[in-house]
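Step one of this worksheet: look at the structure below.
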Amino acid sequence: MIKEFFSSLLHYFVNITTATLIVTATYLTISGQQMDSVILWEIILSGLITALPSAFLVCLDAKNGRILLLLWLVHFLMIFFITLLLIGFFGWYEITAFSVLLTFLAVVVIYVFTCVTHYIVDRRHVALMNQKLKQRYSDNKRP
Amino acid sequence: MKIIIESPQPDEEDVVIVRCASPDQKLISMLLSFQNVNTELTGYMNDKIVRLNYHDIYYFEANENRVFAYYHSEVYEIKHKLYELEERFGPLDFVRCSKSMIVNMEKIEYLSPLFSGKMEAHLKNDEKIVISRQYVHNLKAKLGIWEV
């Protein structure tokens, strides 16, 4: 359980931080703003903080797909509010209706990026497992 | 499959060696019965007491301190703890798939990924059960997939 938690934490930290860097780089390029190098450390720290509930979530047992979906919805909202708190704490920009909307969009992009990355890797694993299952039980059926 | 019976040296004790690519359920069942391991289970449904055949069990589930064995469509209560069933049926094709479930791999039709590293097992009776991320490696190991 603990090993699983730290392994997930590492994966989510890397994925979230990478996605946040991409979003930040895109935003800075488009807006033409300059920022201090301290922002990089802030991104790393925020990546770690937002990876924590994600790693915790994967360790929870959901009895069915619907409960899992509900957990992910709660998780998304949690990440969104944590991000808003971090923005306020680091003073990245002022909290206005427009900046909240932009943050929401950024969180959606990062969220989709992280989920899709994990899903693609899992899909490959599942394909191999299905192949092995098929192999194993078709062997059993042989007379 | 070849069966070879050799005579040991006078000072050696009898030994059974199985050489195969991956042991299937039939072979393991045979070895277990050879070792006389108890795979018998008694199930309770209302007033009925039924002797269960583990081949027909799709999965075991613990729910509010009670453990149930799920057949294709029937459900029987089992008077054992989940960890006892895991110990007893683990050497067969049963694998822990979540804190509260043990699934019979032979009854899995196919697997599909879910977001968050969990998987969904589609069983041959059209039921779906979730395989928790922390137990996926158990299933992989049973299938002979070793992670680095």
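Keep in mind that this is a model prediction, so the values were computed, not measured. Any value given below was found using the heavy atoms of this structure, including those in side chains, with hydrogens, waters and symmetry copies removed. Here is the naming used below: chain letters follow the sequence lines, and residue numbers restart at 1 for every chain.
Linking Ile, Leu, Val, Met, Phe, Trp and Tyr residues whenever their side-chain heavy atoms come within less than 4.5 Å leaves A/Leu85 and A/Leu45 in two separate clusters. Following chains of ILVMFWY side-chain contacts shorter than 4.5 Å, one cannot reach A/Ile87 starting from A/Leu48, and the two form parts of different hydrophobic clusters. In the hydrophobic clustering of ILVMFWY residues, with side-chain heavy atoms under 4.5 Å counting as a link, A/Ile95 and A/Val107 come out together. The hydrophobic cluster containing A/Phe104 also contains A/Tyr111, counting ILVMFWY residues as joined when their side-chain heavy atoms lie under 4.5 angstrom apart, directly or transitively.
Here the closest non-hydrogen pair linking B/Gly144 and A/Lys132 is O-NZ, 4.4 Å. The shortest heavy-atom contact between B/Leu114 and A/Asp122 is O-OD2, 4.1 Å. In terms of heavy atoms, B/Met119 sits closest to A/Val126 at CE-CG2, 3.5 Å.
Using a 4.0 Å cut-off between a side-chain N of Lys or Arg and a carboxylate O of Asp or Glu, A/Arg136 and B/Asp93 qualify as a salt bridge.
Between the CD1 atom in B/Ile108 and the NZ atom in A/Lys134 there is a gap of 15.5 Å [rounded to 0.5 Å]. With rounding to the nearest 0.5 angstrom, the CG atom of A/Leu133 is 5.5 Å from the CG atom of B/Leu111. With rounding to the nearest 0.5 angstrom, the CD atom of B/Glu109 is 12.5 Å from the OH atom of A/Tyr137.
No more than 12 heavy atoms of other residues, nucleotides or ligands lie within 6.0 Å of CD in A/Glu94, so this atom counts as exposed by the packing criterion. A 6.0 Å sphere centred on CG of B/Asp47 holds no more than 12 heavy atoms belonging to other residues, nucleotides or ligands. In this structure, A/Phe76 places its CZ atom where more than 12 heavy-atom neighbours from other residues, nucleotides or ligands lie under 6.0 Å away.
No part of A/His75 comes within reach of chain B, as not one of its non-hydrogen atoms sits under 4.5 angstrom from that chain. Looking at B/Met105, both its backbone and its side chain come within 4.5 Å of chain A, counting heavy atoms on both sides.
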